Amino acid sequence: MCAILRNGTRTLKPGTPIAASTRNGLVKAVWAGFARSEILGWWKLQGAEEVDVPATEFAERSDATGKLRWEFVPSDCVVAALLDHRKTVPILKILTRSSTEAELQKYEHPRMPLLLSRRFAALPVEEPEPDLFSR
């Protein structure tokens, strides 16, 4: 699983609202956890909707050192996620997969974000929202 995503200069962490593309257009939902891609069928039976999260980078936290290990997301890819509709307000869960042996050696983490070719309309790279209270 990824600890942090970057979309341009915007840093996205669990607990923050994230823009995503769906079959029906743009949505914004709070990143509230992870879902294993191996049980995607179960999630769909629960009413979850697949979404694309634009990102330029992701970071994994090493289980050995606790340090973040950054990687670029290929420009033609997105981070796969789910919109979980079981709550009153839908929440976003990043889809993860098992790390390959090479990834386990490099990132020292057993899960990786699932990167896919874009499936829905592209979203622009987000820039940080302006701070209205600074001068």
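Position 1 is the first residue of the sequence; numbering continues from there. Source: prediction; values computed, not measured.
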Would you mind reporting whether W31 and L5 have side-chain heavy atoms less than 4.5 Å apart? yes

Ion pair present between E50 and R23, side-chain N to carboxylate O less than 4.0 angstrom? no

Side chains of F72 and E57 in contact at under 4.5 Å (non-hydrogen atoms): yes

Are L114 and I39 linked, directly or through other ILVMFWY residues, by side chains that come within less than 4.5 angstrom of each other? yes

So do the side chains of E103 and E71 get within less than 4.5 Å of each other, counting heavy atoms only? no

Got a donor-acceptor contact below 3.5 angstrom from the R61 side chain to the G66 backbone? yes

Between E49 and N24, is any pair of side-chain heavy atoms under 4.5 Å apart? yes

L95, V78: one ILVMFWY side-chain cluster at the under-4.5 Å cut-off? no

Examine distances only and state if a side-chain atom of S99 and a backbone atom of H109 form a donor-acceptor pair shorter than 3.5 Å. yes

Flag for S98-R111: side-chain donor and acceptor within less than 3.5 Å: yes

Salt bridge flag under 4.0 Å for residues R119 and D52: yes

Validation row: T65, E108 side chains within 4.5 angstrom (heavy atoms): yes

Decide yes or no for K28 and L26: does some side-chain heavy atom of the first lie under 4.5 Å from some side-chain heavy atom of the second? no

Please examine the side chains of Q46 and R86, heavy atoms only from C-beta on, and report whether any two atoms are closer than 4.5 Å. yes

